[in-house]
Amino acid sequence: MKTTEIVSQLLSEHGRTFAEEAGITLRDKPAPLYQLLVLTVLCSIRIKAEIATAAARELFAAGWRTPRAMADSAWQDRVDALGRAHYVRYDESTATTLANGAELVLDRWHGDLRRMWQEADGDPAKLRELLREVPRIGPVGADIFCREAQAVWPGLRPFFDERTCGTARELGLPHTPRGLGGLVPPKDHARLAAALTRVGRSEHAVRELQSA
């Protein structure tokens with residue numbers, strides 16, 4: 001299969017961003033950017049992405065779409081929402097983590113993560129450092145946020161982390177951020193990164209693309 005055909009199949013079959021899956025209409029606005037941060041926190045433990053996105057949908061359905069709303073919510077209500085998504089074992093600790101993170105975003109960036117991006121001065125490495133100040137977000141979580149946020153923050157593009165580049169290598173694709181970025185229009189960088197992330201989690205999907 002030619003490179004163009006592999007990329008086309010990746011986007012058509014696996015190119016839904018994780019933000020979209022979580023019901024987030026991502027824009028360069030405070031509320032959706034915070035919702036992406038919540039999703040990032042939920043994905044930053046060893047749990048299936050499908051459960052993390054379902055947990056995000058439950059939290060947002062409860063009305064906790066802003067850091068103020070999250071900070072003002074009751075701990076038990078957050079636990080219950082996570083439980084409805086089967087976000088088990090980590091529900092109580094995550095309920096606490098989300099409140100602490102919301103307070104940090106309010107205090108440090110006045111509830112607006114665009115201020116974080118401004119503080120990073122357009123430097124993706126600095127942004128990753130700032131993201132790691134949020135409770136539970138480590139290097140992997142920072143990568144998750146940046147992969148998705150590049151859809152609305154062009155200064156992050158092309159953002160493809162080591163994991164997505166590794167999957168690209170297995171598929172015989174260019175396996176550097178610049179090389180992958182050249183395969184699709186900039187507006188599709190986040191979709192390609194999401195597709196490579198999904199495929200990389202499935203040996204069957206990798207083999208299917210390799211043998212096509």
Side-chain angles (χ1 to χ4, degrees), residues 6-67 69-70 78 80-91 94-95 97-98 101-102 113 131 134 136-138 140-153 156-161 163-164 167-168 171 180 184-206 208-209:
I6 294 175
V7 171
S8 177
Q9 187 170 335
L10 281 168
L11 293 177
S12 64
E13 296 183 8
H14 308 283
R16 189 183 189 195
T17 67
F18 290 92
E20 290 173 333
E21 189 174 331
I24 302 169
T25 302
L26 195 58
R27 295 175 295 156
D28 189 21
K29 300 289 184 181
L33 289 169
Y34 172 69
Q35 291 160 27
L36 177 59
L37 189 75
V38 169
L39 177 61
T40 299
V41 169
L42 296 171
C43 289
S44 292
I45 58 172
R46 291 185 177 277
I47 199 164
K48 291 182 178 179
E50 294 82 1
I51 294 177
T53 53
R57 290 195 299 272
E58 287 289 345
L59 293 168
F60 304 149
W64 308 320
R65 302 182 186 92
T66 66
M70 187 70 75
R78 295 193 298 275
D80 292 345
L82 293 167
R84 289 193 293 273
H86 307 291
Y87 197 91
V88 295
R89 292 178 56 195
Y90 305 101
D91 52 353
T94 300
T97 296
L98 288 169
L113 291 176
L131 286 164
V134 178
R136 189 174 282 173
I137 294 182
V140 172
D143 286 344
I144 291 170
F145 185 93
C146 291
R147 284 199 314 256
E148 297 278 319
Q150 67 180 323
V152 293
W153 286 349
L156 282 172
R157 301 172 188 161
F159 192 94
F160 296 90
D161 57 19
R163 184 172 299 183
T164 51
T167 300
L171 297 176
L180 286 168
V184 295
K187 66 180 181 64
D188 287 331
H189 286 174
R191 293 183 60 221
L192 181 58
L196 288 167
T197 300
R198 283 196 176 86
V199 169
R201 292 174 175 170
S202 169
E203 291 183 11
H204 171 74
V206 171
E208 187 178 66
L209 283 163

Quick one, [X] and [Y] - any side-chain contact, counting heavy atoms below 4.5 Å?
X: Phe159; Y: Asp143; value: yes
X: Arg198; Y: Arg16; value: yes
X: Ile24; Y: Val38; value: no
X: Leu37; Y: Ile137; value: yes
X: Leu33; Y: Val152; value: yes

Show every donor-acceptor pair shorter than 3.5 Å between a side-chain atom in residues 185-197 and any protein atom, with sequence neighbours excluded, or say none if there are none.
| unit_1 | atom_1 | unit_2 | atom_2 | d |
| --- | --- | --- | --- | --- |
| Asp188 | OD1 | Arg191 | NH1 | 3.4 |
| His189 | NE2 | Gly181 | O | 2.9 |
| Arg191 | NE | Gly15 | O | 3.2 |
| Arg191 | NH2 | Leu11 | O | 3.1 |
| Thr197 | OG1 | Arg147 | NE | 3.3 |
| Thr197 | OG1 | Ala193 | O | 2.8 |

Heavy-atom closest pair, residues [X] and [Y]:
X: Ile51; Y: Ala85; value: CG2-O, 3.6 Å
X: Ser12; Y: Gln9; value: OG-O, 3.2 Å
X: Tyr87; Y: Val41; value: OH-O, 4.2 Å
X: Ala168; Y: Leu180; value: CB-CD2, 3.7 Å
X: Leu131; Y: Ala142; value: CD1-O, 3.9 Å

For Asp91, salt bridge (charged side-chain N to carboxylate O under 4.0 Å, His left out) partners two or more places apart: none
After noting the C-alpha distance and the side-chain angles of Leu36 and Leu26, does the key distance pass the side-chain contact (heavy atoms from CB on, under 4.5 Å) rule? CA-CA 8 Å; Leu36 177 59; Leu26 195 58; 4.2 Å; yes
Thr66: what forms a side chain to side chain donor-acceptor pair (under 3.5 Å) with it, not counting sequence neighbours? none
Any residue meeting side chain to side chain donor-acceptor pair (under 3.5 Å) with Thr167, in chain and number order, not counting sequence neighbours: none
Can you tell me if [X] uses its side chain to pair, donor with acceptor, with the backbone of [Y] under 3.5 Å?
X: Arg157; Y: Ala151; answer: yes
X: Tyr90; Y: Ile47; answer: no
X: Glu148; Y: Phe18; answer: yes

Write out all pairs satisfying salt bridge (Lys or Arg N to Asp or Glu O under 4.0 Å) with one or both partners inside residues 34-62, taking only residues at least two apart or from two chains. Glu58-Arg84
Distance from Phe60 atom CZ to Leu39 atom CG, nearest 0.5 Å? 6.5 Å
Could you go through the side-chain contact (heavy atoms from CB on, under 4.5 Å) check for Leu59 and Leu42 one step at a time? CA-CA 11 Å; Leu59 293 168; Leu42 296 171; 4.0 Å; yes
Just grab all the side-chain hydrogen bond (donor to acceptor under 3.5 Å, both in side chains) pairs involving residues 25-45, residues at least two apart or on different chains. Asp28-Trp153
